[in-house]
Amino acid sequence: MATRSVFGAQWGDEGKGKIIDLWAADTDVIVRYQGGANAGHTVVVDGEKFVLHLLPSGVLQEGKINIIGNGVAIDPTVVLREIDELAERGITIDTKRLRVSANAHVILDTHKQIDNASELWLGAGRIGTTGRGIGPCYADKASRTGLRIGDLIDRERLRSRLAAFLAEKSALLERVHGAEPIALDGVYDRYAAIGERLAPYVGDTGAELRRLAREGKDILFEGAQGAMLDIDHGTYPFVTSSNTGVGGIGPGAGFPPNAIDAAFGVAKAYCTRVGEGPFPSELEGALGEKLRELGNEYGATTGRPRRCGWFDAVAVRYALELNGAAGLVMTNLDVLSGFDEVQVATSYDVEGGASNLTEYPADLTDLARVRPRFESRPGWMADITAVRQYDDLPQAARDYVEWVEREVGVPIVMLSVGPQRDQVIPIATR
Ligand code: GDP
Ligand code: IMO
Ligand code: MG
């Protein structure tokens with residue numbers, strides 16, 4: 001039995017979906033434990049593209065158990081839509097293939113409305129959220145006013161919890177945001193119907209997961225977002241509202257953290273970020289534009305253009321250390337093929353402060369004044385998308401990978417050179 005975790009080691013969109021789908025082939029159970037439909041995990045199978053928001057990225061491999069754990073903020077309309085969309089494409093998601101935690105919090109339409117209203121309220125200070133209701137849902141979870149998936153199934157509980165919820169939210173929407181109050185009946189009917197459809201998938205997934213572990217099954221935890229978007233350890237307040245790394249697994253899945261054998265970070269060979277907030281190695285102008293075009297860097301959830309920059313070794317080293325990573329998977333190496341010179345941010349200077357910092361500054365004011373020090377190496381102007389063996393890569397590409405490996409202090413165990421399942425180069429045995 002092996003229990004592995006895969007997490008984003010940058011600001012999200014590192015290619016986690018592709019790696020989870022690939023590793024799901026030799027795993028029995030795939031578990032989402034945090035985040036919600038703010039995630040957009042792309043998997044390409046035989047040239048067919050799937051973007052998964054809530055269903056774990058193991059759903060495209062046959063015969064696997066996929067779990068949406070209690071720590072996920074679930075928009076049940078998205079879960080049902082994803083099940084329907086897969087059915088239209090010939091993939092049946094039955095109640096063996098997908099399990100949903102009864103204790104996961106529900107994202108109601110009202111959460112999405114409040115998410116968008118608070119972004120407007122924040123104005124120039126906005127976070128640039130995905131508008132999927134994530135922050136307001138987790139806020140209600142912490143305030144103990146939220147609804148859980150189990151509440152949708154028990155009609156009496158649904159009515160009473162929803163009545164209390166809407167009374168408070170209507171006052172907020174009306175008095176603070178100038179919106180219309182929300183009537184209980186329509187919302188009750190809508191979510192009661194949703195609960196009825198979802199019910200067969202719902203259970204105590206923590207107990208199910210621990211039982212599967214006892215039976216010796218292989219388990220793969222699928223992180224969403226990335227370490228730099230972690231609510232505690234990321235670039236707060238420009239973060240998401242959950243613990244994105246291995247720290248989120250215990251509380252978010254009902255699984256003992258000391259039973260996780262190994263964690264693997266995923267990072268692109270360069271760096272991207274969607275939304276507002278500090279991004280030290282960001283490239284504005286033509287180079288950033290070129291990365292965006294070559295990497296097709298547009299959000300899988302919102303379609304927003306991603307901000308692009310060179311690989312930030314300071315940030316990734318921090319992310320890997322924070323999560324105790326045993327290895328790193330480097331994706332999108334093929335995208336760097338168009339550059340005659342490639343750069344890496346190896347340390348930071350803080351304007352008016354410390355110089356040559358190799359540790360990620362926790363303070364937002366320092367972060368805003370960070371000026372990265374870049375080092376450069378020759379690029380490789382060769383198409384590497386068909387390469388499958390490490391030794392077949394151009395020398396300059398291998399030099400780049402080994403340079404990054406030294407900088408981040410963790411072995412690079414796999415390279416990805418294109419979006420397709422088979423476009424990988426395993427290098428664990430190098
Ligand atoms: P995730 O959120 O971490 O799962 O990543 P996304 O799916 O949001 O974004 C990653 C994008 O890069 C998707 O469009 C993938 O199909 C694509 N992708 C993944 N790996 C590679 C790779 O090695 N090379 C290229 N060019 N694209 C990749
Ligand atoms: P995956 O799993 C990239 C970003 C948003 C915003 C901030 C807060 O596909 O890597 P939220 O809606 O969570 O309140 O937004 O976090 N963000 C992501 N960026 N990939 C993601 O997920 C993201 N999920 C949230 O753009 O800056
Ligand atoms: Mg994504």
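Just so it is clear, the model here is predicted, and its values are computed rather than measured. Note that ligands are numbered from 1 as they come in the structure, with each ligand's atoms numbered from 1 the same way.
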The test is side chain to side chain donor-acceptor pair (under 3.5 Å); show your working for Gln225 and Thr244 and say whether it passes. CA-CA 6 Å; Gln225 292 79 52; Thr244 57; over 6 Å; no
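- The side-chain contact (heavy atoms from CB on, under 4.5 Å) with Ile107 is formed by just one residue from the set Asn38, Asp75, Asp115, Thr77; it is Asp75.
- Considering backbone and side-chain atoms together, Asp13 places an N or O closer than 3.5 Å to an N or O of ligand 2.
- For ligand 1, the polar-atom distance check finds no N/O of Thr331 at less than 3.5 Å from any of the ligand's N/O atoms.
- Of the listed residues (Thr42, Leu336, Asn332), the one carrying the non-hydrogen atom nearest atom 18 (N) of ligand 1 is Asn332.
- For the ligand labelled ligand 2, residue Ser241 lies outside the 4.0 Å heavy-atom shell.
- The contact set between ligand 1 and His41, taken as ligand atoms under 4.0 Å from a residue heavy atom, comprises 1 (P), 2 (O), 4 (O), 7 (O).
- In summary, Asp422 and Arg388 engage in a salt bridge, as defined by a charged side-chain N under 4.0 Å from a carboxylate O.
- Taking only nitrogen or oxygen atoms, main chain and side chain alike, Gly418 reaches within less than 3.5 Å of ligand 1.
- Near Glu14, with a cut-off below 4.0 Å to any heavy atom, the atoms of ligand 1 are 3 (O), 5 (O).
- At a 3.5 angstrom cut-off on N or O pairs, Leu333 does not count as close to ligand 1.
- Relative orientation of the Phe279 and Trp11 rings is tilted, given thresholds of 30° and 60° on the angle between their planes.
- With ligand atoms numbered from 1 in the order given, ligand 2 contributes 27 (O) to contacts under 4.0 Å with heavy atoms of Gly275.
- Asp392 and Arg398 are not joined by a salt bridge, as no carboxylate oxygen comes within less than 4.0 angstrom of a charged side-chain nitrogen.
- Here the heavy atom of the protein found nearest to atom 24 (N) of ligand 1 is Asp334 OD1, 2.8 Å.
- Contacts of Arg306 with ligand 1, taken as heavy-atom pairs under 4.0 Å, involve the side chain alone.
- Under 4.0 Å from ligand 2, the heavy atoms of Arg304 that appear belong solely to its side chain.
- Looking only at atom types and distance, the side chain of Glu375 has a donor-acceptor partner in the side chain of Thr346 under 3.5 Å away.
- Listed by number with element, the atoms of ligand 2 under 4.0 Å from a non-hydrogen atom of Trp11 are 3 (C), 19 (N).
- Note that Lys16 lies outside the cation-pi zone of Phe7, set by a 6.0 Å cut-off to the ring centre and a 45° limit from the axis.
- Using a 4.0 Å cutoff on heavy atoms, Gln420 does not count as a contact of ligand 1.
- The closest approach between any non-hydrogen atom of Phe238 and ligand 2 is not below 4.0 Å.
- Counting non-hydrogen atoms of neighbouring residues, nucleotides and ligands closer than 6.0 angstrom, the OH atom of Tyr298 exceeds 12 such neighbours.
- Near Val335, meaning under 4.0 Å from any of its heavy atoms, are these atoms of ligand 1: 26 (N).
- For the pair Thr130 and ligand 2, the shortest N or O to N or O distance falls below 3.5 Å.
- Between His111 and Phe165, a ring centre-to-centre spacing shorter than 6.0 Å is recorded.
- At the shortest separation from atom 17 (C) of ligand 1 among protein heavy atoms lies Pro419 CB, 4.2 Å.
- Salt bridge present: Glu297 and Arg306 bring a charged side-chain N and a carboxylate O closer than 4.0 Å.
- Ligand 2 lies less than 4.0 angstrom from a heavy atom belonging to Val239.
- Contact check on Arg273 versus Glu282 returns no salt bridge, with no Lys/Arg side-chain nitrogen under 4.0 Å from an Asp/Glu carboxylate oxygen.
- Remark: ligand 2 atoms within the under-4.0 Å shell around heavy atoms of Ala39 are 1 (P), 2 (O), 9 (O), 22 (O).
- For Asp13, the N, O or S atom closest to the Mg ion (ligand 3) goes by the atom name OD1.
- Ligand 2 lies less than 4.0 angstrom from a heavy atom belonging to Gln225.
- Using a 4.0 Å cut-off between a side-chain N of Lys or Arg and a carboxylate O of Asp or Glu, Asp109 and Lys112 qualify as a salt bridge.
- Contact analysis puts Lys16 in contact with ligand 2, with a non-hydrogen atom separation below 4.0 angstrom.
- Here Lys18 has side-chain heavy atoms under 4.0 Å from ligand 1, and that is the only part of it that gets that close.
- Remark: Arg89 engages Glu48 in a salt bridge, criterion side-chain N to carboxylate O under 4.0 Å.
- Of the candidates Gly17, Ser57, Gly40, Gly299, it is Gly40 that places a heavy atom closest to atom 2 (O) of ligand 1.
- Assignment of Gly226 to the shell around ligand 2 is not supported, since no heavy atom sits closer than 4.0 Å.
- Remark: ligand 2 and His41 share an N or O pair separated by less than 3.5 Å (distance only, no angle test).
- Contacts between Ala300 and ligand 1 below 4.0 angstrom, taking non-hydrogen atoms only, involve the side chain exclusively.
- Arg132 and Thr130 are not linked by any side-chain donor-acceptor pair at a separation below 3.5 angstrom, with hydrogens and angles left out of the test.
- Ligand 2 is never approached by Arg306 to a heavy-atom distance shorter than 4.0 Å.
- When only interatomic distances are considered, the shortest N/O to N/O separation between Ile134 and ligand 2 does not fall below 3.5 Å.
- The only option from Val387, Leu393, Ile384, Val329 that meets the side-chain contact (heavy atoms from CB on, under 4.5 Å) definition with Leu415 turns out to be Leu393.
- Looking only at protein heavy atoms, the nearest one to atom 15 (O) of ligand 2 is Thr129 CA, 3.4 Å.
- Under the 30°/60° scheme for interplanar angles, the aromatic rings of Tyr400 and Trp380 are found to be tilted.
- Considering both main-chain and side-chain atoms, Val274 comes within under 3.5 Å of ligand 2 through a nitrogen or oxygen pair.
- Of the charged side-chain nitrogens involved, at least one lies within less than 4.0 Å of a carboxylate oxygen, so that Arg126 and Glu276 count as a salt-bridged pair.
- Using a 4.0 Å cut-off between charged nitrogen and carboxylate oxygen, Glu289 and Arg292 count as a salt-bridge pair.
- For the residues Val266, Thr301, Thr240, the heavy atom positioned nearest atom 13 (O) of ligand 2 is part of Thr240.
- For atom 17 (N) of ligand 2, the nearest protein heavy atom (residue, atom name, distance) is Leu229 CD1, 3.8 Å.
- Annotation for ligand 1: atoms under 4.0 Å from non-hydrogen atoms of Ser416 are 20 (N), 21 (C), 22 (C), 23 (O).
- The one candidate from Phe311, Phe374, Tyr270 that meets the side-chain contact (heavy atoms from CB on, under 4.5 Å) condition with Ser281 is Phe374.
- Ion pairing between Arg421 and Asp46 fails under the 4.0 Å rule for side-chain N and carboxylate O.
- Looking only at protein heavy atoms, the nearest one to atom 5 (C) of ligand 2 is Gly128 O, 3.5 Å.
- In this structure, of Asp13, Val266, Leu415, the residue bringing a heavy atom nearest to atom 10 (C) of ligand 1 is Asp13.
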Checking side chain to side chain donor-acceptor pair (under 3.5 Å) for the pair Asp399/Gln395: CA distance, chi angles, key distance, verdict? CA-CA 6 Å; Asp399 288 346; Gln395 182 65 46; 2.9 Å; yes
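- Here Lys16 fails the criterion, with no N, O or S atom under 2.8 Å of the Mg ion (ligand 3).
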